[in-house]
Peer 1: 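Below is the structure I would like to discuss, written out as structure tokens.
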Amino acid sequence: MLDLQYIYDNIDAVAANCTNRGVTVDLDQLRKLRDQRNALIAETDAARHASKDVSSQIPKADAATKPALVEQGRQLRETVSTLEERQKEIEAALREIQSAIPNMTHPDAPVGRLESESKTVRTWGEPRQFDFPPLDHVALCEKHQLFDLEAGARVAGHGFYFLKNEAVLLELALIQYAVQIVRKHGFTLHSTPDLARMDVLEGTGYQPRGNETQIYSIANSDLCLVATAEITLGGTLKDQIVNISDLPMRLAGISHCFRTEAGAHGKATRGIYRVHQFTKVELFAFTAPDVALSDAVHQEIVAIEEEIFQGLGIPYRVLDICTGDLGGPAYRKYDLEAWMPGRNEWGEVTSASNCTDFQARRLGTRCKSPDKKGTQFVHTLNGTAVAVTRALIAVLENGQQADGSIVIPEPLRPWVGQARIG
RNA sequence: GGAGAGGUGGCAGAGCGGCCGAUUGCACCGGUCUUGAAAACCGGAGAUGGGGCAACUCAUCCCAGGGUUCGAAUCCCUGCCUCUCCGCCA
């Protein structure tokens with residue numbers, strides 16, 4: 001969420017940004033509502049003041065004047081409550097528009113509406129040339145009994161799966177490998193809840209309600225299954241004021257991730273590329289409210305993601321995501337796309353966003369500094385260390401050999417206990 | 001799951017219908033004293049929103065949301081959370 005006063009003062013810039021991001025918002029209406037709200041606040045405050053005045057006279061009043069004062073107080077109470085009601089309505093309408101406005105955008109982020117307009121910043125490694133027709137991960141898994149989609153569907157429906165045999169070891173190995181690297185870079189490890197309250201989801205910018213929601217919710221409760229540990233890690237400091245000297249804070253979280261994938265039918269649904277549940281190691285950071293500082297941590301997170309995939313020997317490219325594809329909270333976003341021979345194309349494996357103070361404002365996460373009065377909203381960042389299913393696809397497809405075996409990347413071998421599958 | 005107790009400022013902890021945005025202690029910041037420090041003493045200090053160029057000023061905030069009342073931290077209802085005891089359990 002953007003600051004109301006900021007929107008009001010920079011309405012042209014906000015409007016231009018919405019256009020770039022492909023978001024339609026009625027900013028005129030927002031402006032009107034804000035003016036109404038402010039007038040109403042003044043009116044309500046005055047009425048409350050008057051009401052307080054009358055109430056404070058009553059205990060000292062004599063018996064003759066008391067009834068009149070009580071009556072006056074009663075009327076003022078009515079006035080205050082109608083005004084408060086109107087204020088609430090206007091504030092709700094205001095908030096609805098305000099929540100629809102996306103974060104401002106980094107000046108260097110590519111402007112564009114189409115996915116293809118994201119800019120490739122760099123590429124690491126070369127897509128391997130095969131002297132045999134490479135199999136995709138589904139075929140490889142059938143061959144080596146690495147997962148069971150049919151059983152997954154029987155138990156939980158389409159989009160669920162069982163990992164089996166070496167795939168299980170690879171999952172654990174990928175988590176271990178990622179966690180070790182991330183910890184080395186100063187990220188505090190967390191194993192997080194897989195459920196979170198709706199207000200935490202909303203604070204992080206997720207929309208748990210509505211037909212197109214990506215979020216599973218738990219019946220008869222205000223809990224949801226998390227779509228990423230970004231939600232739970234971001235929630236750790238909900239409504240907290242931290243000392244600026246404690247920033248930046250770097251957190252890493254292991255969680256299961258659950259996504260309904262509503263509206264995604266037909267798109268890359270083969271195998272375990274798009275699933276309803278997977279395990280992920282996520283990076284999260286709170287930084288001081290200074291774009292230079294959060295930008296630096298953003299670069300740090302991308303560098304860690306690259307280190308992870310370089311260590312696995314998987315070719316990837318880094319995309320600077322264009323305005324139309326950023327999503328609401330991101331000020332700037334970099335994705336890593338790994339080469340997936342079975343798809344014969346790049347596939348998204350990580351995503352790192354700088355959300356500046358957009359999430360913090362709704363989460364209520366602020367910081368205090370000795371030289372500034374009041375508080376400021378911190379900056380938040382998040383990025384994928386390893387999303388197991390996607391990484392697994394890349395590892396299996398890139399490691400396949402002419403004889404049908406799969407070579408396991410060197411850094412994973414200690415945890416898998418073998419150098420190849422098959 | 002059953003039975004109790006409770007949630008007040010950074011922490012501890014009073015207040016239990018008007019004089020309470022809140023006594024007090026600790027921690028914190030400034031000052032006096034001191035060669036310096038400690039101790040002692042004096043003073044300051046919360047958040048959010050509105051108005052004002054500003055000094056400042058007004059409103060809101062005692063877990064959250066409702067209610068009673070002229071008036072609520074204080075009374076009532078609901079929810080959330082914490083603690084203690086019992087039961088169950090990986």
Side-chain angles (χ1 to χ4, degrees), chain A residues 1-9 30-95 97-99 191 193-203 208-209 217-224 231-232 235-247 249 256 286 289 357 359-378:
Chain A
M1 195 165 61
L2 287 181
D3 177 57
L4 185 59
Q5 192 62 43
Y6 176 88
I7 300 168
Y8 194 79
D9 294 339
L30 178 119
R31 207 191 324 217
K32 264 185 225 152
L33 286 168
R34 194 213 85 123
D35 289 339
Q36 277 179 42
R37 180 193 79 128
N38 285 15
L40 209 49
I41 284 171
E43 212 180 323
T44 315
D45 282 0
R48 264 196 294 249
H49 192 60
S51 157
K52 243 186 167 175
D53 236 31
V54 170
S55 297
S56 69
Q57 286 170 40
I58 289 173
K60 303 167 248 168
D62 54 55
T65 50
K66 207 168 201 164
L69 285 172
V70 168
E71 181 49 34
Q72 205 185 334
R74 185 172 302 160
Q75 281 170 14
L76 279 166
R77 181 178 68 196
E78 299 290 313
T79 314
V80 169
S81 82
T82 23
L83 285 170
E84 277 175 342
E85 205 134 309
R86 267 176 57 204
Q87 197 181 320
K88 247 186 216 172
E89 280 166 28
I90 286 179
E91 239 141 37
L94 199 53
R95 199 168 165 94
I97 300 179
Q98 197 181 349
S99 322
S191 175
D194 287 341
L195 269 64
R197 287 184 207 289
M198 283 200 188
D199 56 339
V200 175
L201 279 272
E202 281 163 351
R209 293 167 240 255
S217 48
I218 307 293
N220 306 318
S221 81
D222 66 341
L223 289 169
C224 301
I231 292 165
T232 47
T236 54
L237 292 182
K238 187 171 164 355
D239 296 319
Q240 301 298 302
I241 301 174
V242 300
N243 208 312
I244 198 163
S245 59
D246 293 334
L247 299 171
M249 287 175 57
H256 290 117
F286 297 99
D357 61 0
Q359 282 179 327
R361 186 165 291 107
R362 208 163 358 188
L363 279 169
T365 305
R366 291 166 290 163
C367 67
K368 217 177 192 159
S369 59
D371 44 297
K372 271 206 185 100
K373 263 220 302 222
T375 60
Q376 292 171 283
F377 291 106
V378 302

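Since the structure is predicted, the reported quantities are computational estimates derived from the model, not experimental observations. Proteins come first, then strands; the chains are lettered A, B, ... in the order of their sequence lines, and each starts at number 1.
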Peer 1: Partner lookup for B:A55, please. Criteria are Watson-Crick or G-U wobble with both distances under 3.5 angstrom; report none if nothing qualifies.
Peer 2: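 Across any shown strand, B:A55 pairs with none.
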
Peer 1: Measuring only the P atom in each nucleotide, how far is B:C56 from B:A72? A whole number of Å is fine.
Peer 2: 30 Å

Peer 1: Can you see which heavy atom on A:Gly235 is nearest to which on A:Val200, and at what distance?
Peer 2: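 Distance-wise, the nearest heavy atoms are CA-CG1, 3.9 Å.
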
Peer 1: Rounded to the nearest 0.5 Å, what separation is found between the CG atom of A:Asp357 and the SG atom of A:Cys367?
Peer 2: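 Answer for the CG-SG pair, A:Asp357 versus A:Cys367, is 10.5 Å.
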
Peer 1: How far, in whole Å, is B:U8 from B:A12 if one measures between their P atoms?
Peer 2: 8 Å

Peer 1: From the options B:G18, B:G49, B:A47, select the nucleotide whose nearest atom is closest to the side chain of A:Ile241.
Peer 2: B:A47

Peer 1: Considering every strand and a 4.0 Å limit on heavy-atom distances, what is the contact class for A:Ile58: base, sugar-phosphate, or nothing?
Peer 2: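 Base, at least one base heavy atom under 4.0 Å.
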
Peer 1: Rounding to an integer number of angstrom, what distance separates B:G9 and B:G4 when you compare their C1' atoms?
Peer 2: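 About 29 Å, rounded to a whole number of Å.
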
Peer 1: Paired with B:U68: which nucleotide, if any, by Watson-Crick or G-U wobble criteria at under 3.5 Å for both distances?
Peer 2: none

Peer 1: In terms of side-chain heavy atoms of A:Lys52, which of B:U60, B:G49, B:G18 is nearest?
Peer 2: B:U60

Peer 1: Among B:A47, B:C81, B:C70, which nucleotide sits nearest the side chain of A:Arg197?
Peer 2: B:C81

Peer 1: Starting at the 5' end of RNA chain B and moving along, which residue's nearest nucleotide shows up first, A:Asp222 or A:Ala42?
Peer 2: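 Here A:Ala42 is the residue nearer the 5' end.
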
Peer 1: How far does the P atom of B:G44 sit from the matching atom of B:U23, given to the nearest Å?
Peer 2: 13 Å

Peer 1: Taking B:C28 as the reference, what is the distance to B:U35 when you measure between their P atoms (whole Å, please)?
Peer 2: 24 Å

Peer 1: Between P on B:U48 and CD on A:Gln87, what's the gap in Å once rounded to a whole number?
Peer 2: 18 Å

Peer 1: Yes or no on salt bridge (charged side-chain N to carboxylate O under 4.0 Å, His left out) for A:Arg86 and A:Glu89, after CA distance, side-chain angles and deciding distance?
Peer 2: CA-CA 5 Å; A:Arg86 267 176 57 204; A:Glu89 280 166 28; over 6 Å; no

Peer 1: Do the side chains of A:Leu4 and A:Arg37 get nearer than 4.5 Å, heavy atoms only?
Peer 2: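 Yes, close enough: below the 4.5 Å cut-off.
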
Peer 1: For B:G25, which nucleotide is its Watson-Crick or G-U wobble mate, given both distances must be under 3.5 Å?
Peer 2: B:C11

Peer 1: Does the side-chain contact (heavy atoms from CB on, under 4.5 Å) test come out yes or no for A:Arg209 and A:Met198, once each step is laid out?
Peer 2: CA-CA 9 Å; A:Arg209 293 167 240 255; A:Met198 283 200 188; 3.5 Å; yes

Peer 1: Provide, to the nearest angstrom, the distance between the CZ atom belonging to A:Arg48 and the P atom belonging to B:G50.
Peer 2: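 So the CZ-P distance, A:Arg48 to B:G50, works out to 13 Å.
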
Peer 1: CG of A:Leu40 versus P of B:U60: gap in Å, rounded?
Peer 2: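 Rounded to the whole Å, the gap is 15 Å.
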
Peer 1: Taking B:G17 as the reference, what is the distance to B:G43 when you measure between their P atoms (whole Å, please)?
Peer 2: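 B:G43 and B:G17 have their P atoms separated by 32 Å.
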
Peer 1: To the nearest Å, give me how far apart NZ (A:Lys368) and P (B:G10) are.
Peer 2: 7 Å

Peer 1: Would you mind telling me which residue lines up with the more 5' stretch of RNA chain B, A:Arg77 or A:Asn38, judged by nearest nucleotide?
Peer 2: A:Asn38

Peer 1: Output, in order, the C-alpha distance, side-chain angles, deciding distance and verdict of salt bridge (charged side-chain N to carboxylate O under 4.0 Å, His left out) for A:Lys32 and A:Asp35.
Peer 2: CA-CA 5 Å; A:Lys32 264 185 225 152; A:Asp35 289 339; over 6 Å; no

Peer 1: Just to be sure I understand the rule, does A:Lys88 reach a base, reach only the sugar-phosphate, or reach nothing, if contact means heavy atoms closer than 4.0 Å?
Peer 2: sugar-phosphate

Peer 1: Rounded to the nearest angstrom, tell me the gap between atom NZ in A:Lys66 and atom C1' in B:G18.
Peer 2: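 That distance rounds to 10 Å.
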
Peer 1: Only pairs with both distances under 3.5 Å count, Watson-Crick or wobble alike; so what is the partner of B:U60 in this structure?
Peer 2: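 WC or wobble partner is B:A47.
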
Peer 1: Given atom CG of A:Asn243 and atom C1' of B:C28, what is their separation to the nearest angstrom?
Peer 2: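 Result: 11 Å.
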
Peer 1: Taking the C1' atom of each, how far is B:G52 from B:A59, in whole Å?
Peer 2: 15 Å

Peer 1: Roughly how many Å apart are B:G7 and B:A14, using the C1' atom of each and rounding to a whole number?
Peer 2: 15 Å

Peer 1: May I ask you to evaluate whether A:Arg74 reaches the phosphate of B:G71, defined as a side-chain N or O under 4.0 Å from OP1 or OP2?
Peer 2: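 Answer is no, no contact under 4.0 Å.
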
Peer 1: Output the rounded distance in Å from CG (A:Leu363) to P (B:U48).
Peer 2: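 So the two atoms are 16 Å apart, to the nearest Å.
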
Peer 1: For A:Thr375 and B:U48, is the shortest distance between a side-chain N/O and OP1 or OP2 below 4.0 Å?
Peer 2: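 Indeed, a polar side-chain atom of A:Thr375 lies that close.
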
Peer 1: Give a yes/no on whether any side-chain N or O of A:His49 is located under 4.0 angstrom from OP1 or OP2 of B:C58.
Peer 2: no

Peer 1: Let's test this: given Watson-Crick or G-U wobble pairing with both distances under 3.5 Å, identify the partner of B:A3.
Peer 2: B:U84

Peer 1: Scan every strand shown for a Watson-Crick or G-U wobble partner of B:A38, both distances under 3.5 Å, and answer none if you come up empty.
Peer 2: none

Peer 1: Please give me the minimum heavy-atom distance between A:Ala196 and A:Ile231, naming the atom from each residue.
Peer 2: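 That closest heavy-atom pairing would be CB-CG2, 4.0 Å.
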
Peer 1: Rounded off to whole Å, could you give me the CD-to-P distance for the A:Gln376 and B:U48 pair?
Peer 2: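 So the CD-P distance, A:Gln376 to B:U48, works out to 11 Å.
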
